[in-house]
Asker: 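Provided herewith is a single structure, encoded as structure tokens, for subsequent inquiry.
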Amino acid sequence: MASNINPTVRRRRLGQELRRLREQRGMTAEEVADRLLVSQSKISRLENGRRSISQRDVRDLCGVYEVEDQRMVDSLMQMAKDSRQQGWWHAFGDIPYSVYIGLETDAASLRVYEPQVVPGLLQSRQYAEALIRGALPESPVSDVEKRVQVRMRRQERITAPESPLRLWAVVDESALRRVVGNEQVMRDQLEYLVEQSHLPHVTVQVLPFSMGAHPGITGHYAVLEFPDAADSSVVYIEGVTSDLYLEKANDVHKYTMMYEHLRAQALNVEQSRDFISDAAKRYAR
């Protein structure tokens with residue numbers, strides 16, 4: 001049974017703490033790997049939170065770092081135990097972007113730029129189904145339906161009665177022009193997008209073609225921020241076979257500044273709603 005504990009976030013917090021302890025001892029990842037007779041890549045994966053960590057690993061690392069405070073050791077080992085529990089998304093089987101879902105589930109805010117499609121958290125079921133089916137033409141119907149169900153479940157973050165996700169989406173005009181499914185699906189989707197934009201914690205801005213070149217021209221990305229100050233912000237860039245997660249302060253700052261420029265160049269909220277509504281009217285009822 002899935003737990004309320006978010007294993008992805010637990011792994012990140014634990015990895016950050018283990019990195020801090022290593023750096024405090026003035027050791028490199030290679031030196032730690034040599035001491036434990038493991039690969040350097042294993043130490044790196046444990047520290048960046050991309051790999052589950054056992055309580056034995058934590059115990060061994062605390063030994064290398066000469067951690068004398070038993071309460072700290074116990075706390076880290078509990079975090080390791082929590083990190084191996086399953087989040088709600090594991091009930092759907094193997095999801096390629098499960099790390100991202102874990103981060104999104106615990107995030108306080110999400111800023112996303114979408115150059116091609118309507119953002120996933122703002123998609124109607126019919127649009128999501130047509131989009132996923134088109135993107136994965138060789139996948140069986142069951143896999144498509146599973147992904148649709150996951151996407152619908154993710155949207156509960158912006159409809160939650162308490163602490164909903166603060167979502168800011170800058171959407172390129174091309175996402176409004178690309179016919180996904182059919183014209184009726186598109187009209188319903190754009191009307192739904194306008195409806196969702198009225199939620200107090202959801203902001204939607206359109207970046208029209210007339211703006212020309214802009215900082216997001218290289219493609220989709222998202223910036224996630226978390227309620228706990230101990231959790232650093234993350235930039236997420238989706239790939240075909242693998243995804244990229246950037247956590248270094250300098251990288252996050254660059255993408256955050258890019259996003260500020262996108263927001264400044266995009267239409268304001270009211271102009272964007274009018275633009276989307278006009279685009280919806282072009283599709284047959």
Side-chain angles (χ1 to χ4, degrees), residues 97 100 104 107 109-124 127-128 130-132 134-135 151 158 165-183 185-199 201-225 233-284:
Y97 51 99
Y100 173 78
E104 182 185 82
S109 70
L110 171 65
R111 285 170 287 177
V112 59
Y113 167 64
E114 277 288 1
Q116 298 288 344
V117 299
V118 173
L121 293 181
L122 299 173
Q123 292 176 6
S124 69
Y127 180 95
L131 180 65
I132 294 170
R151 189 154 302 179
I158 60 173
L165 178 69
R166 176 70 177 91
L167 174 63
W168 199 307
V170 175
V171 184
D172 195 274
E173 182 179 348
S174 60
L176 313 181
R177 306 295 184 191
R178 184 180 304 280
V179 179
V180 174
N182 56 45
E183 291 197 347
V185 169
M186 284 302 300
R187 180 162 185 152
D188 291 344
Q189 170 61 78
L190 297 188
E191 290 176 347
Y192 179 70
L193 183 58
V194 172
E195 176 186 332
Q196 294 298 92
S197 75
H198 284 282
L199 292 173
H201 50 280
V202 174
T203 300
V204 177
Q205 289 183 262
V206 173
L207 192 64
F209 292 148
S210 60
M211 286 299 174
H214 56 79
I217 205 75
T218 54
H220 158 92
Y221 72 94
V223 181
L224 301 100
E225 295 179 325
S233 298
V234 178
V235 174
Y236 169 70
I237 303 173
E238 185 177 1
V240 176
T241 58
S242 62
D243 301 328
L244 182 62
Y245 298 87
L246 305 177
E247 300 181 58
K248 292 183 179 179
N250 188 51
D251 292 334
V252 173
H253 177 73
K254 286 182 178 179
Y255 276 89
T256 299
M257 289 300 99
M258 284 172 56
Y259 202 82
E260 292 303 310
H261 284 289
L262 284 172
R263 286 167 50 177
Q265 289 182 241
L267 301 177
N268 66 35
V269 172
E270 289 302 326
Q271 291 171 334
S272 295
R273 287 190 186 123
D274 291 341
F275 195 98
I276 298 169
S277 296
D278 289 342
K281 293 173 184 176
R282 297 190 183 97
Y283 296 109

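The basis for the numbers below is simple: all heavy atoms, side chains too, and nothing from hydrogens, waters or symmetry mates. Just so it is clear, the structure is predicted and the values come from calculations on it, not from any experiment. Numbers here are sequence positions counted from 1.
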Asker: Okay, side chain of Q205, backbone of R263: is any donor-acceptor separation there less than 3.5 Å?
Answerer: yes
Asker: Would you name the heavy atoms of V118 and Y127 that are closest together and state the gap between them?
Answerer: N-OH, 3.1 Å
Asker: I need the L224 CG to S109 OG distance, nearest 0.5 Å.
Answerer: 7.5 Å
Asker: Please examine the side chains of V202 and L121, heavy atoms only from C-beta on, and report whether any two atoms are closer than 4.5 Å.
Answerer: no
Asker: Specify the closest pair of heavy atoms between M258 and P215, including all atoms of both residues, with the distance to one decimal.
Answerer: CE-O, 3.0 Å
Asker: Report the residues that fulfil side chain to side chain donor-acceptor pair (under 3.5 Å) with T256, sequence neighbours left out, ordered by chain and then residue number.
Answerer: none
Asker: Compare every heavy atom of V206 with every heavy atom of P208, then report the nearest pair and how far apart it is.
Answerer: CD-O, 3.2 Å
Asker: Go through the steps to decide whether Q196 and I158 satisfy the test side-chain contact (heavy atoms from CB on, under 4.5 Å), and finish with yes or no.
Answerer: CA-CA 9 Å; Q196 294 298 92; I158 60 173; 3.9 Å; yes
Asker: Which salt bridge (charged side-chain N to carboxylate O under 4.0 Å, His left out) pairs, counting each pair once, include a residue from residues 213-223, with sequence neighbours left out?
Answerer: none
Asker: With side chains defined as the heavy atoms from C-beta onward, is the minimum distance between K254 and M257 less than 4.5 Å?
Answerer: no
Asker: How long is the gap from CG on N182 to OH on Y283, to the nearest 0.5 Å?
Answerer: 11.0 Å
Asker: Do Q265 side-chain atoms and L207 backbone N/O form a donor-acceptor pair below 3.5 Å?
Answerer: no
Asker: Going from CD on E195 to CD1 on I276, what distance comes out if it is rounded to the nearest 0.5 angstrom?
Answerer: 12.5 Å
Asker: Would you call F275 and L176 a side-chain contact if the rule is heavy atoms closer than 4.5 Å?
Answerer: yes
Asker: Using modelled atom types only, decide if a donor and an acceptor are shared between the side chain of R273 and the backbone of S197 within a distance under 3.5 Å.
Answerer: yes
Asker: Decide yes or no for T203 and R166: does some side-chain heavy atom of the first lie under 4.5 Å from some side-chain heavy atom of the second?
Answerer: yes
Asker: Sequence neighbours excluded, which residues qualify as ring-ring contact (aromatic ring centres under 6.0 Å, His included) partners of Y100?
Answerer: Y236
Asker: Any side-chain heavy atom of Y255 within less than 4.5 Å of one from I237?
Answerer: yes
Asker: Within the structure provided, determine whether I132 and R151 are in side-chain contact (heavy-atom separation under 4.5 Å).
Answerer: yes
Asker: Rounded to the nearest 0.5 Å, what separation is found between the CG atom of L193 and the CE atom of M186?
Answerer: 9.5 Å
Asker: Could you grab the distance from atom OH of Y221 to atom CZ of R111, nearest 0.5 Å is fine?
Answerer: 8.5 Å
Asker: Out of curiosity, T218 OG1 to Y113 OH, how far, rounded to the nearest 0.5 Å?
Answerer: 8.5 Å
Asker: Testing the basics here: between E225 and S233, what is the closest heavy-atom pair and its distance to 0.1 Å?
Answerer: CG-OG, 3.4 Å
Asker: Might you point out which heavy atoms bring H214 and D172 nearest each other, and give the distance in Å?
Answerer: NE2-OD2, 3.7 Å
Asker: Should E183 and R282 be marked as a salt bridge (Lys or Arg N to Asp or Glu O under 4.0 Å) after you check the CA-CA gap, both sets of side-chain angles, and the distance that decides it?
Answerer: CA-CA 9 Å; E183 291 197 347; R282 297 190 183 97; over 6 Å; no
Asker: What I'd like to find out is whether the side chain of V112 reaches to under 4.5 Å of the side chain of H220, using heavy atoms alone.
Answerer: yes
Asker: Any side-chain heavy-atom pair from D251 and V235 closer than 4.5 angstrom?
Answerer: no
Asker: Where do E173 and F209 come nearest, in terms of heavy atoms and distance?
Answerer: OE1-N, 2.7 Å
Asker: Using a distance-only test with no angle check, is there a side-chain donor-acceptor pair under 3.5 angstrom linking R178 and Q116?
Answerer: yes
Asker: Do the side chains of E191 and R187 get close enough for a salt bridge, i.e. N-O under 4.0 angstrom?
Answerer: yes
Asker: Look at the side chain of Q189 and the backbone N and O of L122, then say whether any donor-acceptor pair between them is shorter than 3.5 Å.
Answerer: yes
Asker: Tell me, yes or no, whether the heavy-atom count around H201 atom NE2, taken from other residues, nucleotides or ligands under 6.0 Å, exceeds 12.
Answerer: yes
